[in-house]
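In listed order, ligands and their atoms are each counted from 1. Values below: all heavy atoms of this structure, side chains included; hydrogens, waters and symmetry mates excluded.
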Amino acid sequence: MKLLTFRQGGIEMVGMLASDEKHVIPVQEAGLGYKTMQELIENITEDEKKALSACTCEGIALDSVEKMAPIPQPRQDVICLGINYMAHAEEGARYHNEAFGGERPFPIYFSKRVNEAVADGGIIEAHRDIEERLDYESELVVVIGKDAKNVPHDEAYDYIFGYTIMNDVSARILQTRHKQWYFGKGLDGFTPMGPWIVTRDEFRDPPGLGVRSYVNGELRQNSTTDLLIFDIPYVIAELSRGMTLKAGTLIAMGTPAGVGMGFDPPRFLNPGDEVVCEIEGIGRLTNTIGE
Ligand code: MG
């Protein structure tokens with residue numbers, strides 16, 4: 001089931017993508033009263049999921065609604081993994097060894113501030129007054145479905161509601177200059193997400209999914225989540241020891257090789273560029289760099 005957030009007549013709503021992928025069925029059509037994705041994730045029951053997926057209503061034409069990110073205003077920062085594919089570790093170290101090189105026996109976790117996640121089709125602010133090295137990172141995002149504390153490794157998938165796509169937009173000058181990544185990763189508009197959440201039942205565990213990105217139609221990243229250094233159960237088990245991962249928590253699993261800083265010379269983004277982040281089984285997240 002693909003679940004999305006959208007606005008119609010100025011009102012935020014949650015719906016299911018119809019099988020033709022051209023219509024969205026508001027959850028109210030299946031008798032569900034949820035007004036936001038966060039509310040739905042926290043409360044939906046298995047019976048309600050069945051009722052929703054069985055709903056055969058025609059729905060609303062997708063091109064007539066205003067698409068939003070699946071969780072437009074996450075309750076907390078997005079938890080991100082840094083350097084979680086080996087080939088990306090190598091390209092990062094070539095670009096800036098002090099910032100990205102070295103041995104790492106444990107994952108890098110960092111936090112991405114999101115005032116408002118950018119929808120599929122939305123604009124990524126370029127922030128040219130403070131940054132000239134704007135980069136893209138196509139990433140699988142895990143959406144936690146129920147509060148998770150001290151989760152055993154082999155039960156981790158039971159806590160997953162679904163998956164979506166994020167472009168972990170990065171300001172490389174700010175990211176490297178300030179050592180901590182918080183500023184360079186958390187500028188306004190730096191978290192495009194979507195186009196929808198695909199529920200976990202549509203994938204096997206673990207989901208071995210192709211992860212790609214394109215800039216102006218040119219393939220830049222092309223890898224698979226099979227190559228994650230620290231996999232999803234490892235991350236949920238480790239983080240949930242001492243840290244409650246609340247329902248609705250978003251965990252971005254890191255990006256593979258092929259980002260702009262990985263090229264020689266680097267190929268950063270410019271105003272007007274179109275970036276597509278694509279993950280097999282989920283879809284395509286398309287955004288344009290603003291002026
Ligand atoms: Mg990243």
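Shortest distance from the Mg ion (ligand 1) to Asp168 is reached at OD2 (N/O/S atoms only). For Glu139, the N/O/S atom at the shortest distance from the Mg ion (ligand 1) is named OE2. When the Mg ion (ligand 1) is compared with the N/O/S atoms of Glu137, atom OE1 turns out nearest.
Proximity of His88 to Pro256: side-chain heavy atoms (C-beta onward) are nowhere separated by under 4.5 Å.
In this structure, the side chain of Glu91 engages the main chain of Gly258 through a donor-acceptor pair within 3.5 Å.
With hydrogens and angles left out, the side-chain atoms of Lys149 and Ser240 include no donor and acceptor closer than 3.5 Å.
Annotation: Trp181 is in aromatic contact with Phe100 [ring centroid separation under 6.0 Å].
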